[in-house]
Amino acid sequence: MQAFDVDILVIGGGSGGVRAARLAAGYGARVALVEQGAMGGTCVNAGCIPKKLYSYAASYAHAFEEATGFGWALPTGQRLDWPTLKHRRAAEIARLNEVYEHMLATGGIQVLRGRARLADAHTVVIGNQQITAEHVLVATGGSASLPDIPGRELVMTSDAMFDLPQVPRRLLVIGGGYIACEFASIYRALGAEVILVHRGTGLLSGFDHDVREFLQGEMDADGIEFRFNATVREVQAEAGHRIVTLNDGERIVADAVLCATGRRPNTNGLGLEDVGVALTPDGAIAVDAWFRTSVPSVYAVGDVIDRVQLTPVALREATVLMDRLFGSGTFRMDYAAIPTAVFTHPNIATAGLSEAKARARFKRVAIYRSTFRALKHTLSGRATRTLMKLVVDSDTDRVVGVHMVGEEAGEVIQGFAVAMRAGASKAQFDSTIGIHPTAAEEFVTMRTATTMPDYDVPAVAG
Ligand code: NDP
C-alpha cells in the first residue's frame, strides 16, 4: 500500500472544511487543512455571523421606538456610531478566527497556509510545499457573482457591506434573494434610504407566495422602495455618487450599489480539471451521493458543489462524508425539508414545502394561515404583523410545510422542523399544548383550514 503523508487533506477552512477536519481527526485520521485567508470561511468572515450581528444592531432602531410604548422615556435623537459597530464586529470575528485556529491546533490537525492546487489525484501543492493524501476534500466555498453590466466595477458585493466608510444615505440593491433582502432590511433600519431592484415579480422566488407577499408588505411599510420586473442597464459614477439606469430608462442616484445576484462555486486555480475532476455545467464540482468527484480520491462538500448554499448543509455534508470515510458509514444526507431563515426585519423562517410545491406533489392540500399583531406590538405602537402558515397533505394529515414571518422566526421554526422530520401530523400539532402567551403557540392552535384542496395558487407562487 502506498504511504501518504496524511489520511485526508482538506482544502478550505470554512464551515464544511473545518467540520470535516475536526471529525476526521476525532476518528483518528491524520489530517491536514489548507487555508489561504482567515479561518472560518464566508460564514464567519463575510456572511452569516457579521450579517446577524448587523441585523441585531438594526433591530435596535425599532426597539428604541417600541420602548416608549412601554413607558420608557428615552432621550431623543439616538444615533448609531457606525465605527464602533464595525470595530466591535471586527473584534468578534477576529476572536472567532482564533477559536477556529485553536480548535484545529488542539485537534491535532496540521494547518497549512497558502493556496492549494491539486498536482495529481493524491498530491496537493501549496507554494513550495507538496503533501500527499489518501483522500482530498475540496471545501473552497463560493463567492459573489456579478452580472455582466456596464459599470459593474462600480457596484459592491456583500463582502464590502460590513466595512463601508459610513452607512450610505441612499443604497440601491440589485437582486431579490437572501442577501438582497437581508441587506436592504438591515441598512434601512440603520438609516439608509433603500431601493431594491429585482428582475422578478416579487422577492425571494422559491419561498411560499404568502410569505413573499407578506414580507414585501412589511418591507414596504418600513420605507423600502421596490422596482420589480426591472434590470440594470448601466451603472455610472458621477460626483462621488452612482447613477443606476434601469431597463425602462429610469435613472436612480445612489451613494452605494450592492449587487446580490447569486454566488458561484470557487473552483478556479485548484488544478481540478488538470487531474480530471469533472464540473457541472454551472461550474460546481460534480459529486455523487457520497460527495465523491469523478476522481475517486477527491471529494467535495459545501458551496463548491452548489447543491444548497447554507452553512448547516455544508456541516451535515461534511459529517456524512467523514462518517463514510472513517466512521460507521451509516449516515445519510437528506436534502428534504431543510429549514432556513432570512434575517430580514421581520425575519422569515420556513421548513418543508411552499403551498405551490405541496399542491404540485399531493392530491389534496389544506392550508392553515394566521396573521396577527403580536402581543408586544399592542403596546409598542408598531403596526408590524406576524404571519404563520401550515401546509398539510390532507390524505395523510402530515404537516409538509411550516412558514413564518415575524420576530425570531428562525428560533421558532427550528423546533417545528424537528417535528416535521419526525413526520408530525396536523392532529399531533393540534394536541400539543401551547406555550402562552407566545406567537409560536399559534402553530398549535390553528384549527380551521383557510384554503381547501380546490384552491387556485396564484401565478407568482413560490
Ligand atoms: P439568491 O440565489 O438567494 O438570490 C439571487 C437573486 O439575484 C435572485 O433574486 C435572482 O433572481 C437574482 N439574479 C440572479 N441572476 C441575476 C442577474 N443576472 N440579473 C439580475 N438578477 C439576478 O442569492 P444570494 O446572492 O442572495 O445568496 C446566495 C446564497 O447564499 C443564497 O441562495 C443562500 O443559499 C445563501 N445565503 C443564506 C442566508 C441565510 O441562510 N440567511 C443569507 C445569505 C445568503 P431570480 O429569483 O429571478 O433568479
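Start at 1 and go down the list; that is how both ligands and their atoms are numbered. Heavy-atom basis, side chains included; hydrogens, waters and symmetry copies ignored.
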Carboxylate-amine/guanidinium contact [X] [Y], below 4.0 Å:
X	Y	value
Glu407	Lys376	yes
Lys389	Asp210	yes
Arg113	Glu101	yes
Arg95	Glu92	yes

Identity and distance of the protein heavy atom lying nearest [atom]:
atom	value
atom 1 (P) of ligand 1	Gly177 CA, 4.1 Å
atom 46 (O) of ligand 1	Ser205 OG, 2.6 Å
atom 29 (C) of ligand 1	Gln309 OE1, 3.0 Å
atom 9 (O) of ligand 1	Gly176 N, 2.9 Å
atom 26 (O) of ligand 1	Ile179 N, 2.8 Å
atom 7 (O) of ligand 1	Thr261 CA, 3.2 Å
atom 38 (C) of ligand 1	Tyr178 CD2, 3.2 Å

### Query
At under 4.0 Å between heavy atoms, which part of Ala144 makes contact with ligand 1: side chain, backbone, both or neither?
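Answer for Ala144: neither.
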### Query
In terms of side-chain heavy atoms, does His377 have a donor or acceptor partner in Ser380 at a distance below 3.5 Å?
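Side-chain D/A pair, His377 to Ser380: present.
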### Message
Side chains of Asn45 and Asp159 only: does a donor on one sit below 3.5 Å from an acceptor on the other?
### Response
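No donor-acceptor contact under 3.5 Å links the two side chains.
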Proximal atoms of ligand 1 relative to [X] (non-hydrogen, under 4.0 Å):
X	answer
Lys51	41 (N), 42 (C)
Arg263	28 (C)
Pro147	18 (N)

### Message
If the contact criterion is a heavy-atom separation under 4.0 Å, does Leu310 count as touching ligand 1?
### Response
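Contact check Leu310 vs ligand 1: positive.
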### Message
Quick check on Gly262 - does any of its heavy atoms sit under 4.0 Å from an atom of ligand 1?
### Response
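So Gly262 counts as touching ligand 1.
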### Query
Heavy-atom distance under 4.5 Å between the side chains of Arg22 and Ile109, does that happen here?
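Arg22 vs Ile109: side chains touch.
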### Task
May I ask which of Lys52, His198, Arg199, Glu182 has a heavy atom nearer to atom 19 (N) of ligand 1 than the others do?
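Comparing heavy atoms across Lys52, His198, Arg199, Glu182, the nearest one to atom 19 (N) of ligand 1 lies in Arg199.
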### Task
Dump the intermediate steps for side-chain contact (heavy atoms from CB on, under 4.5 Å) on Leu203 and Leu196, then the final yes or no.
CA-CA 10 Å; Leu203 303 170; Leu196 185 148; 3.8 Å; yes
### Message
Nearest 0.5 Å, please: how far is SG in Cys48 from CZ in Phe343?
### Response
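Here the interatomic distance stands at 8.5 Å.
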### Output field: ring centroids Phe214/His403 closer than 6.0 Å
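Between Phe214 and His403, the centre distance exceeds or equals 6.0 Å.
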### Query
Is Ala341 in polar range of ligand 1, meaning some N or O pair under 3.5 Å apart?
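Between Ala341 and ligand 1, an N or O pair is found under 3.5 Å apart.
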